[in-house]
Amino acid sequence: MAINYKEELNEEQLAAVLYNEGPSLVIAGAGSGKTRVLTYKIARLLEEGYQPWSILALTFTNKAANEMKSRISRFVGEQARQVWMGTFHSVFSRILRMEAERIGFSHNFTIYDAADSKSLLKSIIKEMGLDEKNYKPSTVQCHISNAKNRLMLPSAYANSPEIRKTDDAAKMPEVHAIYRRYWERCRKADAMDFDDLLLYTYLLFNEHPEVCEKYGNQFRYVLVDEYQDTNFAQHSIVWQLTNRHQRVCVVGDDAQSIYSFRGANIDNILKFTEQYEGAKLFKLQQNYRSTRTIVNAANSLIAKNSEQIRKEVFSEKEKGDAIRVYAAYSDVEEGEIVANKIADLHRMKQIPYGRQAILYRTNAQSRIFEEALRKRSIPCRIYGGISFYQRKEIKDIVSYFRLSVNPNDEEAFKRVINYPARGIGNTTIGKISEAAGRDGVSLWEVLLSPLDHGLNVNKGTLSKLQGFRELISGFIEKAETMNAYDLGVEIIRQSGIMNDVKSDNSPEGMSRQENIDEFVSGIHEFCATRQEEGNEHTTLSDFLSEVSLLSEMESLKGGEEDDDKVTLMTVHSAKGLEFQVVYVVGLEENLFPSSMAQDSFRQMEEERRLFYVAVTRAEEHCFLSFARSRFRYGKTEFSNPSRFLKDIDARFLNMPDAGIAVNSGNPPMGSNHGYAGKPFVSWRNEDDGYNRAESTPPWERRGATGRNSTFRDEEYADGGYRSNYNDYRRSTPYQRTQNEQRTRPVIPAGMKRVSTTPTSRTPSAGAPVQASLRVGQVIEHERFGIGEVTKVEGSGENCKATITFRNVGSKQLLLKFARFKVIG
DNA sequence: CCGATACGCATTTTT
DNA sequence: TGCGTATCGG
């Protein structure tokens, strides 16, 4: 497919795409087509003759990687599959698995998630006899994580006077010792935590120059998305790979750096042109997303920050409405106001629920909005909460899997040795741990030869341990050859998990059962996909190495985007998204900006960037709101409107009329006579321009008197929307996932579902018509959707077709296994 | 080894 | 307040 770059890109985008004379930094303002530049640039490189596998494109999320992959495959077809594209963690874990032996790990090393590493730290703190009041696992974890992000090994940590001083001051002088032990324990367990994936990559490249050279040569061009979110380790690895050839392009927006609490270092992007001398700077400043008002408002806000790369983001879209600010008495009223507005826009302006989003600073705020929406029968989807793989029942199963692939995995071992209950209690586990620690071996090795390691337990216990050992040994043996799905099912049965869960008929038990079913389907689907792509065999190890870096079941989720629900999420998780209407709520001091940021300049600037991200998510309408009182930590707290409301130029705001506050600041505690319970907020008439707002926010004007509520006539004009009550599905906490309350996937007509229930797969189920597939035909695949056949190879059993799908890009499918129907 | 009760704590979280 | 963890009793 020929790409008309000139036609499809603006001047700056084009320049950034075409530039290939050295390193480049693309500063991409919000909504300025950053992903567009990256994808066109990769397409261009391929056109110029770069081999797909010589291009490395790094992102932070799987979602971003998948998105880019599918966009690129629309240009270049199946070549896109060979481009090295993925998250830092997934790309480098792939490399680490290939090179594991060089750094003392095995190919099958485990990846510890945050919970695993926290649990390990907890055990270590306990073993060391440290005061658990002073040494909170999460704090220690944070220190260690920071150290790793800065490429600091235990020895360097222990030898750094500054760090030791800080730790001493924090009453945690022994963190260096914990770190060292933690490091060793991970190695014994053949496990890496998330930070290790980066740190060990760095070490691998650093200690094995030939390996570094190998990959440096292979990746002739490296691109990085969201560079403002990189930490020092990531920055350093990119440098290791590119410092020789300097063919690197990083894209990001310093104004959207909101992850410093995770180690992101804004200096990486601010100082990029210093590190890469002569790097060319491109600025994408035209915003294609939002109205001029929204863009200008956001500009005026971010201008209040001091550290940033200068840029002027502009929009050529319509002017749009002023940003309205809603003042509410209470959190509950804030919820009602927003819910009413949503209903209003839905009814009066036909704005779908699915294009409206409520963004808040903290997850705790979601509940009020959820309830307000439910009262109005407005469907919503709440993001946040624990992800699928963090659920206990899933983690338990995954732990068995992990153990079957890597029996030295200490956390998995401890998790399942007595689940389901088999009479091996804490005392016994303690003895095993002790023996393992004493002899410097893994728990599993103690189990293999308990006598050699002086394990002192009674006969009964010993035989129980033998039982567990044999159970796992059986799995280990099978893991090498058996298919992941078959073995997975076997493990769930034989371990006793199946029985345990089946015996629980409580609602929670049923939910667990469903999750397990879904997980099993997921494994099945994973194997089926791999098979269709031509991989004969999928082992548990294959499954684990992909799945341990997924937070959701992204890989197998059918598009559920189509259902019309209001989105509720934190501002952090909204980064990268856009909505026609955005409500940024809870704009109060000590909430947004967070109370944690109050005494730090840098953190306050980050909060402001966070607010900037929130506002720039809006395409057409942006609403801001705050509540004067809020129920928090068991009592009602009063608060002041956020300083950020004053940071936006008043020209772009539509403030509530006078009379919000009796006085500026907090109403008298406990005696809110005069306005308690009354809806007092009055709004201006419909948005019609900027210039009415006054420079002093009304709540700061002294002596203003309240006009009584006129807001009902506008906000509660809710006519018909109570009728569809039944459409709304109540969400209960345990149904909440990172992605929503899930609904059963819809099975497209004419195709059999492969894996709703694992047992539903019969030999004949959905057998595809395979005889007559020709280039140019359009098919609908069960998972990948609609696509066009671009290539057919082989015949009969081995017939393999290349299909370019509209949404997921190009895939090679073995017709023997693929499930689809021909539609044109 | 599980359940009940008490205590203490409380952002954001791509991987 | 409300959850997750810690500890004790059966």
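Here is the naming used below: chain letters follow the sequence lines, and residue numbers restart at 1 for every chain. Basis for what follows: all heavy atoms, side chains included, without hydrogens, waters or symmetry-related copies.
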Q.
Near DNA chain B, counting only heavy atoms under 4.0 Å, which residues of residues 600-607 of chain A show up?
A.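 Within residues 600-607 of chain A, the residues near DNA chain B are A:Q603, A:E607.
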
Q: Give, ordered by number, those residues of residues 87-98 of chain A having at least one heavy-atom distance below 4.0 Å to an atom of DNA chain B; if nothing qualifies, reply none.
A: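 Only A:T87, A:H89 qualify.
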
Crowded around [X] [atom1]? As in, over 12 foreign heavy atoms under 6.0 Å?
X      : atom1 : answer
A:K118 : NZ    : no
A:K136 : NZ    : no
A:N426 : CG    : no

What interatomic distance, in whole Å, is found between [atom1] of [M] and the corresponding atom of [N]?
N      : M      : atom1 : value
C:dT5  : B:dT12 : P     : 16 Å
B:dT13 : C:dG4  : P     : 16 Å
C:dC3  : B:dT14 : C1'   : 25 Å

Q.
As a test of the definition: with a 90° window around 0 for syn, would you call B:dT11 syn or anti?
A.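 Chi for B:dT11 falls in the syn range.
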
[options]: which one has an atom nearest the side-chain heavy atoms of [X]?
X      : options                : value
A:L549 : B:dT13, B:dC2, B:dT15  : B:dT15
A:S573 : B:dT13, B:dT12, B:dT15 : B:dT13
A:R367 : B:dT15, B:dA10, C:dG2  : C:dG2
A:S594 : B:dT11, C:dA6, B:dT15  : B:dT11
A:N418 : B:dT12, B:dC1, B:dT15  : B:dC1

Grab the [atom1]-[atom2] distance between [X] and [N] for me, whole Å please.
X      : N      : atom1 : atom2 : value
A:K136 : C:dG4  : NZ    : P     : 18 Å
A:K122 : C:dG4  : NZ    : P     : 13 Å
A:Q365 : C:dT1  : CD    : P     : 20 Å
A:I368 : C:dT1  : CD1   : P     : 15 Å
A:R262 : B:dT11 : CZ    : P     : 16 Å
A:I258 : B:dT14 : CD1   : P     : 11 Å
A:I386 : B:dT13 : CD1   : P     : 14 Å
A:Q256 : B:dT14 : CD    : P     : 17 Å

Q: Show the numbers, then the answer: is there a side-chain contact (heavy atoms from CB on, under 4.5 Å) between A:R617 and A:V571?
A: CA-CA 9 Å; A:R617 297 311 94 198; A:V571 182; over 6 Å; no

Pair up each side-chain donor or acceptor in residues 196-203 of chain A with any protein partner under 3.5 Å, not counting sequence neighbours, and list the distances.
{"from": "A:D196", "atom 1": "OD1", "to": "A:K148", "atom 2": "NZ", "distance (Å)": "2.8"}
{"from": "A:D196", "atom 1": "OD2", "to": "A:K148", "atom 2": "NZ", "distance (Å)": "3.3"}
{"from": "A:D196", "atom 1": "OD2", "to": "A:D193", "atom 2": "N", "distance (Å)": "3.0"}
{"from": "A:Y200", "atom 1": "OH", "to": "A:R187", "atom 2": "NH1", "distance (Å)": "3.0"}
{"from": "A:T201", "atom 1": "OG1", "to": "A:L197", "atom 2": "O", "distance (Å)": "2.5"}

Q: Flag the pair A:M569 / A:L359 as yes when at least one side-chain heavy-atom distance between them is below 4.5 Å, and no otherwise.
A: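 Of all side-chain heavy-atom pairs linking A:L359 with A:M569, at least one is under 4.5 Å.
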
So does [X] get a side-chain nitrogen or oxygen closer than 4.0 Å to the phosphate oxygens (OP1/OP2) of [N]?
X      : N      : value
A:N363 : B:dT13 : yes
A:N426 : B:dC1  : no
A:T570 : B:dT13 : yes

Q | Atom pair CZ (A:F109) and CG (A:D409), whose distance is rounded to the nearest 0.5 Å | A |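 Reported value, rounded in 0.5 Å steps: 12.0 Å.
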
Q) Quick one: ring pair (Phe, Tyr, Trp, His ring centres under 6.0 Å) partners of A:H572, sequence neighbours excluded? A)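 Scan of A:H572 (ring pair (Phe, Tyr, Trp, His ring centres under 6.0 Å), adjacent residues dropped) gives A:Y259, A:F261.
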
Q) Under the ring pair (Phe, Tyr, Trp, His ring centres under 6.0 Å) test, which residues partner A:F219, sequence neighbours left out? A)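 Scan of A:F219 (ring pair (Phe, Tyr, Trp, His ring centres under 6.0 Å), adjacent residues dropped) gives A:W84.
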
Q: Would you kindly check if the NZ (Lys) or CZ (Arg) of A:K392 is within the cone defined by 45 degrees around the ring axis of A:Y419 and under 6.0 Å from the six-membered ring centre?
A: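 Yes - A:K392 lies over the ring of A:Y419, closer than 6.0 Å to its centre and within 45° of its axis.
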
Q) Mind checking what makes side-chain hydrogen bond (donor to acceptor under 3.5 Å, both in side chains) contact with A:S545, not counting sequence neighbours? A)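 Once residues adjacent in sequence are excluded, A:S545 has no partner under the side-chain hydrogen bond (donor to acceptor under 3.5 Å, both in side chains) criterion.
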
Q: Tell me which of A:A597 and A:S548 sits closer to the 5' end of DNA chain B, going by the nucleotide each one is nearest to.
A: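 The answer here is A:A597.
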
Could you tell me whether [X] contacts a base, only the sugar-phosphate backbone, or nothing, with contacts defined as non-hydrogen atoms closer than 4.0 Å?
X      : value
A:G576 : nothing
A:I424 : sugar-phosphate
A:S595 : nothing

